[in-house]
Every structure is written in C-alpha cells, then in structure tokens.
Amino acid sequence: MAAPDLTRAPVPWVAMYHSVSDCSDDPYRITVTPGRLEQQLAWLRRRGLRGVSMAELLAARARGEGRDLVGLTFDDGYADFLTGALPVLRRQGCNATLFVLPGRLGGDNAWDPLGPRKPLLTADGIRRAAAEGVEIGSHGLTHVDLTRADDSTLKAETVESRAALAALLGTEIDGFCYPYGTVDRRAVDAVDEAGYSYACAIDPGPLNGPLAFPRVHVGQGDDTVRLFLKYRLHRLRRRPVEGLR
C-alpha cells in the first residue's frame, strides 16, 4: 500500500487520545498502551510528519505552513500521561496538547460509570507536563456535557476553568476541549466569550471552525492500515477551517 500524502489534507489532521497505559480493562476504548502509541507515532514520522501541540499546529497553518504537522491531543488529564505518553512523545520527537480538569485535580474519572477508575493529574503533575513543553488546555472544570448544562454551570466550566489553570501555571490558556466531544451553538458562544482562541470537538458538523475543531479518535486497535483509512475518511469528510491554509 502506497504511503498517503497526508500533507495535502485540506484540514489539519488532529488525533484524539485519552489514557496511555494497560488496556486490558477498557470498556470505553479510551486507552492505548505505550507500545501502540509508539508504533502510531513512528508511522507518522516515517511519512515525514511530526506530532505537535494544537498551538504549534494552528500557528503554523495560519502562516500557510505546517502541512507536515499533525495535532496530538490527550483528553481528561490522566496521571499516566507523565509515565505512559510523555516518554514516547519525547522518543519520537513529538509534542502534544493536554486537556485537563482543574475541578478534579488528583481525582479520577468518576464520570465513567463502568470504570475502571483512572487517577487524574494533580496540580504538580500538570505543572510538570507544562515544564516539559506540553501545551495545557481546559477540558472544563469537572467533565460536564456543555450542551446539557444550565447557564451558571456553563460559565463555570468555561470561564472558571480557564482562570484556575491560568493561576496554576502563570500563563494564559488558549485552548478548550468539549467534554464528550458534544457541542452546540450555545457552548461555542460560551467558549468564545470565555476568551479561548480555539476549541476541539470531535464531529462538530456545521459548527466546524476554530472554536469547534474536528478530531479523529485513535485507539488501541488502530494499526497502520486503520490509521491510513482514518486519514482518508478525514480528508474526504472534513470541510476547511476558517483562517487556516
């Protein structure tokens, strides 16, 4: 099978990951092993591509550059990012954006009723990731579906989470990620009003744009053939994003 020309995709390819650890108990299919992540990133590198943070990707594309860059995002802020993902990213010369929940520091993924319970990063763990050059973004305060949130909850999940992370890291927070990937116009407007410069969804449909960026789920079952197919579907289905070339 010929190598795909990923650099000609009209929309930047952004991979969505979650936990990087043992995946023997994984009912929601949110986990990849470090070995599988290494294979996936090596596949990209063999094709002249490099995984980067959303900030780097979007800045490059806004300049009309960066067609050789792929966005890597990790949702929820699992503690295993430091032990499972970060060493692989460094070996492969890649970087990423980590979307965290400042309202659940040191907690676990209580929103997943089937388990297993996975610990989340503490404040110190988030600082450690940032010190390694990883971009930190907000995933809301507590992992709430924003399309079902009342007005006060919606404001807290967007505005207060950004303020909490800015205070924690001493820097502005530019990126947001919609919990569960669900998004509607009201949620997009709230993210815009909170001051974020971009936000990630999954399949935003007509809301596709800088504040509802499409991504591709990548899991344990995604070998090189499946990655190729996911790229092809992404290229065929996605519309251009305003402001990116």
Side-chain angles (χ1 to χ4, degrees), residues 14 16-20 30 52-59 62 71-86 89-90 95-112 117-183 186-201 210-213 215:
V14 180
M16 177 182 67
Y17 289 94
H18 291 80
S19 172
V20 182
I30 62 168
V52 297
S53 69
M54 287 298 298
E56 182 175 348
L57 172 66
L58 297 179
L72 300 179
T73 62
F74 291 79
D75 292 7
D76 301 337
Y78 291 104
D80 58 40
F81 178 83
L82 293 176
T83 56
L86 190 57
L89 291 169
R90 292 295 169 260
N95 200 2
T97 297
L98 177 64
F99 292 112
V100 301
L101 299 156
R104 292 187 183 271
L105 298 176
D108 61 31
N109 56 328
W111 61 88
D112 286 335
R117 297 278 70 86
K118 287 177 173 283
L120 304 177
L121 288 165
T122 63
D124 182 62
I126 293 172
R127 292 191 192 99
R128 287 174 56 194
E132 290 285 341
V134 174
E135 181 192 14
I136 304 299
S138 171
H139 202 28
L141 274 178
T142 59
H143 206 283
V144 170
D145 182 345
L146 299 188
T147 66
R148 299 182 178 183
D150 60 31
D151 289 345
S152 62
T153 301
L154 183 59
K155 184 174 182 179
E157 293 289 324
T158 54
V159 175
E160 292 181 19
S161 66
R162 186 171 188 244
L165 289 175
L168 177 66
L169 298 173
T171 186
E172 289 296 319
I173 303 299
D174 293 326
F176 186 86
C177 177
Y178 299 96
Y180 304 104
T182 55
V183 60
R186 179 168 162 267
V188 170
D189 289 344
V191 166
D192 190 15
E193 292 169 6
Y196 297 95
S197 60
Y198 76 86
C200 289
L211 292 177
F213 212 91
R215 295 183 296 167

Sequence-distant partners of [X], salt bridge (charged side-chain N to carboxylate O under 4.0 Å, His left out), two or more places apart:
X: Arg90; value: Glu132
X: Asp189; value: Arg185
X: Glu172; value: Arg162

Sequence-distant partners of [X], side-chain contact (heavy atoms from CB on, under 4.5 Å), two or more places apart:
X: Thr153; value: Val144, Ala149, Asp150, Glu157
X: Ala96; value: Leu72, Phe74, Leu89
X: Ala110; value: Arg104, Asp108
X: Ala55; value: Ser53, Glu135

Quiz item: Do you know the tightest heavy-atom contact between Ala201 and Gly181?
Solution: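 In terms of heavy atoms, the two residues are closest at CB-O, 4.0 Å.
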Selection residues 147-170 - residue pairs positive for ring-ring contact (aromatic ring centres under 6.0 Å, His included), sequence neighbours left out =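 Pairs touching residues 147-170 that pass the test: none.
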Which residues satisfy the ring pair (Phe, Tyr, Trp, His ring centres under 6.0 Å) test with [X], sequence neighbours excluded?
X: Phe99; answer: none
X: His139; answer: His143
X: Phe176; answer: Tyr178, Tyr196

Any donor-acceptor pair under 3.5 Å from Thr97 side chain to Met54 backbone: yes
I'd like to check Leu101 versus Trp111 (side-chain heavy atoms, cut-off strictly below 4.5 Å). Are they in contact?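 Yes, side chains in contact.
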When rounded to the nearest 0.5 Å, the distance separating OG of Ser19 from CG of Asp80 is 3.5 Å
Acceptor/donor pairs from residues 119-129 side chains to any protein atom, 3.5 angstrom cut, sequence neighbours excluded:
from   : atom 1 : to     : atom 2 : distance (Å)
Thr122 : OG1    : Asp124 : N      : 3.4
Thr122 : OG1    : Gly125 : N      : 3.1
Arg127 : NE     : Leu168 : O      : 3.4

